[in-house]
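First comes the structure, then the notes that go with it.
Every chain is numbered from 1 and lettered A, B, ... according to where its sequence line falls, protein lines coming before strand lines. Scope of the values below: all heavy atoms of this structure, side chains included, with no hydrogens, waters or symmetry mates.
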Amino acid sequence: MEEKKAEASEVIVEVTTGGPLRISGNFILKDLKRSEESAPGEVWLCRCGKSSDKPYCDGSHRNK
Amino acid sequence: MEKNRSVSDDREYTNGEITVYWKPGACVHASYCYRELIEVFDPGRRPWVDMQGASTQKIIETVNMCPTEALSWKWNDEGKNADVGSDQYNHVKFRRPELMEKPASSQEGTPVSVKVMRDGPIIIKGNFSLKYGDNEKEIQDSLISICRCGSSEHQPFCDGTHRKKGFIG
């Protein structure tokens with residue numbers, strides 16, 4: 001019954017063009033500033049510095 | 001570690017008791033050092049390391065926080081270097097496991113670590129695929145640092161500019 005780990009834990013980090021960082025898969029997200037830790041499965045992280053919902057993207061890069 | 005040191009920009013600093021080694025080429029600007037101990041590690045000062053700025057113990061603790069090989073340390077008294085605990089991550093004789101060569105199988109199932117640094121970059125560590133534009137690269141047992149302030153000249157990677165810009169986030 002054991003799943004193949006390589007597939008189950010595959011993590012993809014995608015730098016979207018002009019947009020946020022998308023991370024998906026089996027990863028632990030630690031936010032040291034906000035002292036939060038989670039395993040969200042998928043996340044979109046701000047890369048432009050403008051988001052009001054850091055570390056997450058809120059679409060502000062479009063108004064940059 | 002000695003065999004990996006390049007001739008050019010590497011530096012070493014001592015307070016007589018320990019020596020701290022600095023390999024700028026390995027730095028990903030995670031910023032643990034200066035956030036933890038600006039008295040010793042001040043990127044805006046030259047030289048940027050002042051070994052008189054804090055106690056030896058505090059300097060060791062801070063160097064051990066560095067997630068790369070950029071900062072490492074050892075006792076000047078070689079006799080003490082044989083007796084360093086395995087929690088002393090950045091002691092020159094205790095390289096952290098992910099920086100040492102080992103079978104890929106030992107890494108299977110270990111979750112990838114994504115750290116959002118305080119007012120700094122995103123540090124991603126482990127085995128993962130990195131997609132950037134039309135490029136896709138397999139990162140094995142390694143670490144990357146992604147810019148979060150939008151000002152890096154080396155996008156998508158962090159180049160330390162967040163500090164100069166005073167990025168808060």
Side-chain angles (χ1 to χ4, degrees), chain A, chain B residues 30-32 35-36 65 67 104-152 154-158 161-169:
Chain A
M1 283 299 287
E2 196 175 327
E3 275 186 60
K4 201 160 181 292
K5 283 177 182 171
E7 286 181 23
S9 64
E10 184 178 348
V11 171
I12 298 170
V13 175
E14 183 180 1
V15 180
T16 66
T17 304
L21 187 73
R22 174 180 179 266
I23 309 175
S24 63
N26 177 23
F27 64 94
I28 306 290
L29 178 67
K30 285 185 190 168
D31 186 335
L32 301 190
K33 177 150 184 167
R34 286 150 281 259
S35 298
E36 290 169 1
E37 183 170 335
S38 59
E42 183 180 37
V43 77
W44 302 78
L45 298 176
C46 171
R47 286 201 306 126
C48 73
K50 305 283 187 193
S51 173
S52 300
D53 187 29
K54 293 189 189 74
Y56 308 105
C57 172
D58 71 350
S60 293
H61 54 274
R62 294 194 192 99
N63 308 322
K64 199 177 180 183
Chain B
S31 314
Y32 281 108
R35 293 201 193 290
E36 185 68 18
M65 297 172 86
S105 59
S106 67
Q107 285 291 305
E108 272 184 25
T110 304
V112 169
S113 158
V114 177
K115 280 189 184 167
V116 177
M117 304 307 294
R118 176 179 291 270
D119 306 329
I122 302 160
I123 307 276
I124 307 169
K125 199 156 72 171
N127 296 339
F128 54 91
S129 301
L130 176 65
K131 292 184 182 176
Y132 181 38
D134 293 331
N135 304 312
E136 180 162 357
K137 190 181 172 189
E138 292 301 317
I139 307 289
Q140 292 292 327
D141 211 7
S142 190
L143 170 156
I144 62 169
S145 179
I146 298 286
C147 170
R148 221 157 56 81
C149 74
S151 299
S152 172
H154 186 44
Q155 295 290 348
F157 304 104
C158 171
T161 302
H162 55 271
R163 187 184 61 84
K164 295 174 201 141
K165 296 272 180 173
F167 173 66
I168 304 289

Handout entry: Close side-chain approach of Lys33(A) and Val116(B), heavy atoms under 4.5 Å
Key = no
Problem - Contacting region of Phe157(B) [heavy-atom separation from chain A under 4.5 Å] - result: neither
Problem - Side chain, backbone, both or neither of Glu136(B) within contact of chain A (heavy atoms, under 4.5 Å) - result: neither
Practice task
Please look at Ile123(B) and chain A and tell me whether the side chain, the backbone, both or neither of the residue comes under 4.5 angstrom of a heavy atom of that chain.
Solution key: neither
Handout entry: Those residues that, when tested against Glu138(B), pass salt bridge (charged side-chain N to carboxylate O under 4.0 Å, His left out) (two or more places apart)
Key = none
Fill in the blank from the handout: Of the listed Leu45(A), Thr17(A), Val43(A), the one with the largest count of heavy-atom pairs under 4.5 Å with chain B is Leu45(A)
Exercise for the section: Taking all non-hydrogen atoms of both residues into account, name the closest pair between Tyr32(B) and Leu32(A) and its distance. Expected result: OH-CD1, 3.5 Å
Fill in the blank from the handout: With chain B, the option among Pro55(A), Ser51(A), Ala39(A), Pro20(A) that has the most non-hydrogen atom pairs under 4.5 Å is Pro55(A)
Handout entry: Top contributor to chain A contacts, counting heavy-atom pairs under 4.5 Å, from Ser152(B), Ser113(B), Cys147(B)
Key = Cys147(B)
Fill in the blank from the handout: Applying salt bridge (charged side-chain N to carboxylate O under 4.0 Å, His left out) to Arg163(B) and not counting sequence neighbours gives none
Handout entry: Segment of Ile124(B) engaging chain A (4.5 angstrom heavy-atom cut-off)
Key = side chain
Handout entry: Closest heavy-atom pair and its distance - Ile146(B), Val15(A)
Key = CD1-CG2, 4.5 Å
Problem - Leading residue by heavy atom contact count with chain A [cutoff under 4.5 Å; candidates His162(B), Lys115(B), Lys165(B)] - result: Lys115(B)
Handout entry: Engaged part of Arg22(A) at the chain B interface, taking heavy atoms whose separation is under 4.5 Å
Key = neither
Completion exercise
Bottom line for Phe167(B): the part with an atom under 4.5 Å from chain A's heavy atoms is side chain
Completion exercise
Turns out that what part of Leu29(A) lies under 4.5 Å from chain B's heavy atoms comes down to both
Handout entry: Non-hydrogen side-chain atoms of Gln155(B) and Arg47(A) separated by less than 4.5 Å
Key = yes
Handout entry: Contact summary for Ile122(B) and Cys46(A), nearest pair of heavy atoms
Key = CD1-O, 4.5 Å
Handout entry: Proximity breakdown for Leu21(A) and chain B, heavy-atom pairs closer than 4.5 Å
Key = side chain
Completion exercise
Tightest non-hydrogen contact, residues Ser129(B) and Glu10(A), listed as OG-OE2, 4.1 Å
